[in-house]
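Here is the structure we will look at, set down as structure tokens.
Note: hydrogens, waters and symmetry copies are ignored here, and every other heavy atom, side chains too, is used.
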Amino acid sequence: MKVIVTERIADSGLEYLKEYVDVDFRLDIPREELLDIIKDYDAIIVRSVTKVDKELITRGKNLKVIGRAGNGVDNIDLDVATERGIIVVNTPEGNIISAAEHTIGLMLSIARNIPQAYNGTINGDFRRNKFKGVELSGKTVGIIGLGRIGSLVATRLAAFNMKVIAYDPYIRDSRFEKYGATKVTFDELLKESDFITIHTPKTEETIDIIDEEEFKKVKRGVRIVNCARGGLINEDALYNALKEGIVAAAALDVFKVEPSYDREKQDFNNKLLELPNVVVTPHLGASTVEAQNNVGISVAKEVVTALNGKLYGNIVNLPDIKADEFGELKPYMKLCEAMGALYYQINDIPISSVEIIYRGHISQHNTDVVTLHALKGLLKPALKEGVSVVNARLRAKEMGVEVIEGKIDEINHYSSLVILKITDTKGGISQFAGTTYGDEIRIVEYLGHKVNFEPTEYMLFVRNKDIPGVIGHIGNVLGDFGINISSMHVSPNKSDGTALMIVNTDREIPHEAVESLNNLNSILRAKAVKGLI
Ligand code: NAD
Ligand code: MLT
């Protein structure tokens with residue numbers, strides 16, 4: 001497996017990667033070159049500067065995982081990654097303390113003009129009156145977005161004796177109480193704050209969340225910090241508000257268009273940098289020894305885990321699942337993928353809907369990811385490599401397949417049972433059900449037959465006349481082709497005098513062997529099935 005890392009991550013992360021995969025560390029690689037070589041990689045690891053957009057993802061024919069060393073994934077086209085079945089992982093927790101502390105540092109900087117005073121002092125200007133600031137104590141700080149970082153900022157600023165108010169429409173009231181913040185509307189926050197700090201992700205809704213209109217509502221002389229994402233505060237509107245004295249000072253760690261953070265000198269045209277009351281840092285929020293170690297090692301582990309097909313951790317575009325729950329659900333994922341994969345091998349009518357019913361103990365779990373495996377198995381014969389667990393639901397929708405999930409607590413014979421009921425476009429129903437014994441998987445219902453077999457790589461499904469000698473006929477034909485039978489299961493149907501025979505073999509059954517079987521009088525239909533697991 002090959003992984004390209006395009007931005008600086010901690011050495012500990014690179015060392016970890018090198019133990020498991022081939023790593024190319026290509027700091028500041030030109031975009032054109034990256035576009036050319038991305039097809040050679042199974043994974044890419046980035047921070048906030050590399051644009052993992054549609055063009056790059058589409059050219060990454062072998063990409064399986066995109067790793068974001070950090071939190072915000074606004075530089076990654078999640079929709080395209082998901083559509084192409086690529087797992088996106090990030091490290092949301094590793095740098096939040098650093099980002100919160102940097103926010104406080106920036107706020108103090110613009111309250112007390114520390115960077116300007118430093119600059120003045122080392123250039124021989126010691127006029128302290130020029131750098132007179134304001135206290136945080138007794139002031140109102142408005143926090144937009146009371147998530148991981150916003151809440152850390154809230155508790156730290158309360159220690160400065162600030163009145164903390166916050167606007168976040170997506171969290172429960174108890175979260176405001178927990179972090180000592182008074183819940184306010186957006187307009188109230190703009191009107192009442194002496195300091196505003198923003199901690200939302202960059203989304204369609206939050207881009208330009210503070211723009212010209214909002215600057216008309218703020219308290220004159222407000223000080224603003226953005227240590228989240230460039231573009232949340234409209235840069236033109238901020239420039240004008242600073243020029244007009246509506247905003248007394250701004251501290252920015254991020255810009256709408258980000259420069260490279262690895263060149264010693266570069267031209268960076270942003271008029272905000274010309275203003276004396278603007279303090280800037282080069283996206284330093286996460287740049288501490290501690291955060292970079294956390295993030296570097298976490299992203300390396302997340303990427304290796306995902307490349308190994310383990311679907312837990314900080315996967316942005318899959319349902320949340322913990323490692324221990326993954327362990328419990330893994331056999332069900334295998335089972336459901338196998339049951340799904342059966343359908344198109346024994347039937348050729350397109351599917352209109354699939355119902356997945358979880359019965360017994362399994363129903364207590366978050367089974368979303370198990371459903372995705374069932375869909376992947378079901379669609380794989382049609383879409384081949386075009387389907388993965390990441391895009392299986394999307395693909396099903398595109399193909400017009402309705403997905404219905406049901407849960408029944410009650411136990412009926414098996415402590416856990418998963419039923420897959422597939423309805424085809426002609427109204428026919430194919431139903432399979434299965435269970436697990438530890439790591440072993442068993443299909444216990446096959447098209448109305450009570451059975452008990454283990455799906456394996458090579459199998460034969462035979463519908464035959466329920467007469468003596470058929471087992472021998474099948475054994476002879478397979479023997480002639482040098483194929484060993486590893487197990488066989490027979491399920492007679494008393495009402496119509498037929499039987500179902502399910503055979504596991506040690507190798508692929510060639511087309512000619514199936515043809516010979518279908519030519520036998522005792523056999524109604526023989527079908528070779530492969531790749532169920
Ligand atoms: P988070 O997901 O934990 O919290 C974000 C909060 O914003 C959530 O509570 C959410 O409900 C709220 N929110 C979403 N839309 C909103 C809206 N329209 N109005 C108000 N609130 C809204 O994220 P986090 O880990 O706290 O990160 C916050 C920001 O900081 C992100 O943009 C992240 O990328 C950025 N970040 C920057 C640095 C840095 O180096 N400067 C480091 C880490 C994170
Ligand atoms: C993040 O989202 O984690 C930060 O912006 C930090 C970074 O990109 O390094």
If you measure from [atom1] on [X] to [atom2] on [Y], what distance do you get to the nearest 0.5 Å?
X	Y	atom1	atom2	result
R47	I45	CZ	CD1	12.5 Å
L27	Y261	CG	OH	14.0 Å
L318	S388	CG	OG	7.5 Å
T498	R525	OG1	CZ	13.0 Å
Y458	L532	OH	CG	11.5 Å
T371	R393	OG1	CZ	6.0 Å

Sidechain N-carboxylate O distance under 4.0 Å for E55, R31: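 Yes.
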Is there a donor-acceptor pair closer than 3.5 Å between any side-chain N or O of [X] and the backbone N or O of [Y]?
X	Y	result
N317	V88	yes
Q431	G448	no
D368	P319	no
T206	P201	yes
D506	N484	yes
N518	A526	yes
N452	V444	no
R68	D74	no
D53	L56	yes
N71	I96	no

Is there a side-chain contact between [X] and [Y], using heavy atoms and a 4.5 Å cut-off?
X	Y	answer
V369	F326	no
L34	I4	yes
T91	N294	no
K334	H373	no
L375	R395	no
N464	S522	no
Q345	M459	no
I86	V390	no

Assess, by modelled atom type and distance only, whether the side chains of [X] and [Y] contain a donor and an acceptor separated by less than 3.5 Å.
X	Y	result
N504	S487	yes
Y332	T436	yes
E7	T50	yes

Looking at [X], I want to see if its [atom1] is surrounded by more than 12 non-hydrogen atoms of other residues, nucleotides or ligands under 6.0 Å.
X	atom1	value
K64	NZ	yes
Q266	CD	yes
N521	CG	no
K310	NZ	no
K397	NZ	no
K54	NZ	no
N519	CG	yes
I97	CD1	no

Minimum heavy-atom distance between V514 and A528, given as atom pair plus value: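 Minimum heavy-atom contact is CG2-CB, 3.7 Å.
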Shortest non-hydrogen separation from I502 to V451 and the atoms involved: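 Result for this residue pair: CD1-CG1, 3.9 Å.
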K202 vs L232, side-chain contact (heavy atoms from CB on, under 4.5 Å): CA-CA, chis, key distance, verdict: CA-CA 7 Å; K202 187 172 180 176; L232 300 180; 4.2 Å; yes
Test side-chain contact (heavy atoms from CB on, under 4.5 Å) applied to N366 and I321, step by step: CA-CA 8 Å; N366 177 356; I321 180 166; over 6 Å; no
Show every donor-acceptor pair shorter than 3.5 Å between a side-chain atom in residues 8-20 and any protein atom, with sequence neighbours excluded, or say none if there are none.
unit_1, atom_1, unit_2, atom_2, d
R8, NE, D262, OD1, 3.4
S12, OG, N293, OD1, 3.2

Test of ring centre spacing under 6.0 Å for F461 and Y446: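 Yes, the ring centres sit under 6.0 Å apart.
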Intermediate values then yes/no, side-chain contact (heavy atoms from CB on, under 4.5 Å), K407 and T367: CA-CA 10 Å; K407 289 199 170 178; T367 49; 3.1 Å; yes
Face-on cation placement of K2 at Y41 ring, 6.0 Å and 45° thresholds: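 Output yes; distance and angle both within limits.
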Test log, rule side-chain contact (heavy atoms from CB on, under 4.5 Å), inputs I356 and V370: CA-CA 10 Å; I356 302 148; V370 183; over 6 Å; no
